[in-house]
Number of protein chains: 2
Amino acid sequence: MSNSKLYKGSLNTIILQLLNQHDKMYGYEITQKVKALTKGELNITEGALYPALHKLEAEGLLDVEVAKVDNRLRKYYKLTETGTKETVNKLEELAEYIRTMQALVNPKLA
Amino acid sequence: MSNSKLYKGSLNTIILQLLNQHDKMYGYEITQKVKALTKGELNITEGALYPALHKLEAEGLLDVEVAKVDNRLRKYYKLTETGTKETVNKLEELAEYIRTMQALVNPKLA
DNA sequence: AATTTATACATAATTAACTTATGCATAATC
DNA sequence: GATTATGCATAAGTTAATTATGTATAAATT
């Protein structure tokens, strides 16, 4: 995912927010979108992504729709209602994390 | 550590930066300082902290000095030269992480 | 034409950073 | 006298990742 361990725990947030912005996406598309948006900084590995998608689906945060394009399989994921709510929570947690870490690292600004 | 999984991977950064700011600290002091700086948001558990300190010491990033205060044991940790350099790296990684996540979450600002 | 790269999914074994639970010991507070 | 605070430690379990495979089709390169 990255040479930095800080991304550990961020994958669900990333997936949910991308689906929040793009309505429906398939796995491979997510990896490419992340790579593009981060200018190569962050590469989501398939071994992390697919299990994460399956889990989010099992938890009822995502719905799946299978499609066949150019004779190749695609699984489009989109947020459920619950998923949309959870996305809000995740984004709040990210903002809180950033505030907290900045308070720790730069306590003069606190 | 927190209800948010995002803190996973951040503990070393926190420890190193606190020691960067306070010269020498002991374990319990670190837990209290983190609690204070984050207004209770983040509580470092002992089960996470002590193994982390031992590992950083084993890696040569920290030096230890044992002291006895009020008949109680304290282990003061301080950064080695290598530890100081690694702190710079960790802080850069944190800044990079924050930039990257903001690019993902708020791509309009990118 | 043959090989490599890109697209697209998946899982299994391993690693690592935590959590949770427990343990020991002294000092201070209620 | 019992609880809370101070101060260290480790062991078992969880979980999110990495690393390594595996399958299959389409496109690009040599």
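Fair warning: this is a prediction, and the values are worked out from it, not measured in the lab. The sequence lines fix the lettering, A, B, ..., with proteins before strands; numbering per chain opens at 1.
Screening Leu18(B), Leu19(B), Thr13(B) for a side chain to side chain contact (heavy atoms under 4.5 Å, CB included) with Ile15(B), the sole residue that qualifies is Leu19(B).
The shortest heavy-atom contact between Pro51(B) and Glu46(B) is CD-O, 3.7 Å. The heavy-atom pair separating Asn3(B) from Glu93(A) by the smallest distance is ND2-OE2, 4.3 Å. Gln17(B) and Val105(A) make their closest contact through NE2-O, 2.9 Å (heavy atoms, listed as atom of the first residue, atom of the second, distance).
The distance from atom NZ of Lys90(A) to atom C1' of dA16(D) is 12 Å, rounded to the nearest whole Å. With rounding to whole Å, Leu49(A) atom CG is found 9 Å from dA10(C) atom P. For the pair Leu56(A) CG and dT15(D) C1', the interatomic distance rounds to 14 Å; values are reported in whole Å. The CG atom of Asn12(B) sits 7 Å away from the P atom of dA17(C) (whole-angstrom rounding). Put simply, CD1 on Ile14(B) is 13 Å from C1' on dA17(C), counting in whole angstrom units. Between Lys24(A) atom NZ and dA8(C) atom P the separation is 13 Å, expressed in whole Å. If you take CG of Asp70(A) and P of dA26(D), they are 7 Å apart, rounded to a whole angstrom. One can place NZ of Lys68(A) at 14 Å from C1' of dT7(C), the figure rounded to the nearest angstrom.
If you check the side chains of Ser2(A) and Tyr97(B), you find no donor sitting under 3.5 Å from an acceptor. Looking only at atom types and distance, the side chain of Tyr7(A) has a donor-acceptor partner in the side chain of Glu41(A) under 3.5 Å away.
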Report, one pair per line, the protein and nucleotides 14-16 of chain C atoms (nitrogen or oxygen only) whose separation is under 3.5 Å.
none

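Transitive grouping of hydrophobic side chains (ILVMFWY, heavy atoms separated by less than 4.5 Å) brings Val64(A) and Leu11(A) into a common cluster.
Within the nucleic acid shown, Thr31(B) has no heavy atom closer than 4.0 Å to any nucleic acid atom.
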Please encode protein proximity along nucleotides 2-9 of chain D as a string of B, S and -, counting only heavy-atom distances under 4.0 Å.
---SBSBB
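Taking the centre and axis of the six-membered ring of Tyr26(B), the NZ or CZ atom of Lys75(B) falls outside the cone set by 45° and 6.0 Å.
The phosphate of dA26(D) has OP1 or OP2 within less than 4.0 Å of a side-chain N or O from Asn71(A).
Here the side chain of Met1(A) is nearest to one of dA26(D), dT10(D), dT18(D), namely dT18(D).
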